[in-house]
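Beneath this line is the structure, given in structure tokens, with notes to follow.
Numbers here simply count residues along the sequence, with the first being 1. On a predicted model such as this, the values are computed, not experimentally measured, just so you know.
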Amino acid sequence: MNEVLPQLNELLFSSVEGVWVESVEVIDTVVRVEARTTAGRAACPGCGCWSGRIHGSYLRFPRDLPTAGTFVVVSLRVWRFVCEEESCERMTFAEHVPGLTRRFGRRTGRLRSTLVSVGLALAGRAGARMADALKVPVGRNTRLRLIASLPDPATAVPRVVGVDEYAQRKGRVYGTVLKRQMFGRAGFELLRKRVLLA
């Protein structure tokens, strides 16, 4: 078994550094991967000071991409460190494994990026059906929340801006339309409505 563990480590977490696979077991329709972090120190997110003083450890259970049609749950033991900087507001902090865990995250980076890709391509209900076919059942609202959490794409400065006024109810409700012309593509934006009181 000792010869198999390094191969499992490379197979399961090849893109993630600082994780060691201790065991893999299949229980009914779930593959449970027990792993631990190998880092002996981490940087405090509050002050940036490195600490190697261990406060304790705890288990995290992020879901990962399915394997052969079965759910994969990672049982990851992470360290909680004591910040050695006296002026820091944080007394303790937990280490994060880039690409595997994030703060308050229940999914690995691989699963999250897969769900975001399906959500961007198919959106709500169609994306939920596709995720069910991929054995990653997530509701349409969760998928839309994942898309909404993405950073906004960089926008170019418009070359031409057109402004127009319109009336929804003549004499009562007015609004403004902005038309932006950027590199041959037009974009429209509706500014807030104004209500005239008589």
Inset, instruction - May I have the step-by-step check of side-chain contact (heavy atoms from CB on, under 4.5 Å) for Arg112 and Arg110, ending in yes or no? - result: CA-CA 5 Å; Arg112 181 172 163 55; Arg110 297 182 290 201; over 6 Å; no
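- Rounding to the nearest 0.5 angstrom, the gap separating the CD1 atom in Ile27 from the OG1 atom in Thr70 is 11.5 Å.
- At a threshold of 4.5 Å between non-hydrogen side-chain atoms, the residues Cys44 and Phe93 count as touching.
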Inset, instruction - Take Ser113 and Arg107 through the side-chain contact (heavy atoms from CB on, under 4.5 Å) test and state the conclusion after the steps. - result: CA-CA 10 Å; Ser113 65; Arg107 298 172 190 89; over 6 Å; no
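- A continuous path of hydrophobic side-chain contacts links Leu115 to Leu150 [ILVMFWY only; heavy atoms under 4.5 Å].
- Counting non-hydrogen atoms of other residues, nucleotides and ligands closer than 6.0 Å to CD of Glu89 gives a total of 12 or fewer.
- Hydrophobic clustering keeps Val24 apart from Phe71 (ILVMFWY residues linked when any side-chain heavy atoms are closer than 4.5 Å, directly or through intermediates).
- The closest donor-acceptor contact from the side chain of Thr142 to the backbone of Val138 lies at 3.5 Å or more, if one exists at all.
- Interatomic distance, Arg36 CZ to Glu22 CD, rounded to the nearest 0.5 Å: 5.0 Å.
- Between Leu111 and Val136 the shortest side-chain heavy-atom distance falls below 4.5 Å.
- Side-chain heavy atoms closer than 4.5 Å link hydrophobic residues (I, L, V, M, F, W, Y) into clusters, and following such links, possibly through other members, connects Val26 to Val72.
- Atom-to-atom distance recorded for Arg41:CZ and Phe81:CZ is 9.5 Å, nearest 0.5 angstrom.
- One finds the CG atom of Leu76 at 9.5 Å from the CZ atom of Phe61 (value rounded to the nearest 0.5 Å).
- Checking side-chain atoms of Ser51 against main-chain N and O of Val82 turns up a donor-acceptor pair under 3.5 Å.
- Put simply, Val33 and Val30 are part of two different groups of oily side chains (I, L, V, M, F, W, Y) that touch within less than 4.5 Å, one to the next.
- By the 6.0 Å contact criterion, CZ on Arg80 is enclosed, its count of non-hydrogen atoms from other residues, nucleotides or ligands being greater than 12.
- The shortest side-chain heavy-atom distance between Thr108 and Thr101 does not fall under the 4.5 Å cut-off.
- For the pair Arg103/His96, a side-chain contact is recorded, criterion being any heavy-atom separation below 4.5 Å from C-beta on.
- Grouping the Ile, Leu, Val, Met, Phe, Trp and Tyr side chains by contacts below 4.5 angstrom, directly or via other members, places Leu100 with Tyr58.
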Inset, instruction - Would you check, one step at a time, whether the test side-chain contact (heavy atoms from CB on, under 4.5 Å) holds for Val31 with Val73? - result: CA-CA 6 Å; Val31 175; Val73 176; over 6 Å; no
Legend entry - Trace of the side-chain contact (heavy atoms from CB on, under 4.5 Å) decision for Leu134 with Val118: CA-CA 10 Å; Leu134 294 173; Val118 169; 4.1 Å; yes
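- Between Leu65 atom CG and Lys135 atom NZ the span is 14.5 Å, to the nearest 0.5 Å.
- Side chains of Cys83 and Cys47 form a contact here, defined as non-hydrogen atoms less than 4.5 Å apart.
- Of the listed residues (Arg77, Glu95, Arg60), just one forms a side chain to side chain donor-acceptor pair (under 3.5 Å) with Thr37, and that residue is Glu95.
- Note: Arg143 CZ to Leu120 CG = 10.5 Å, rounded to the nearest 0.5 Å.
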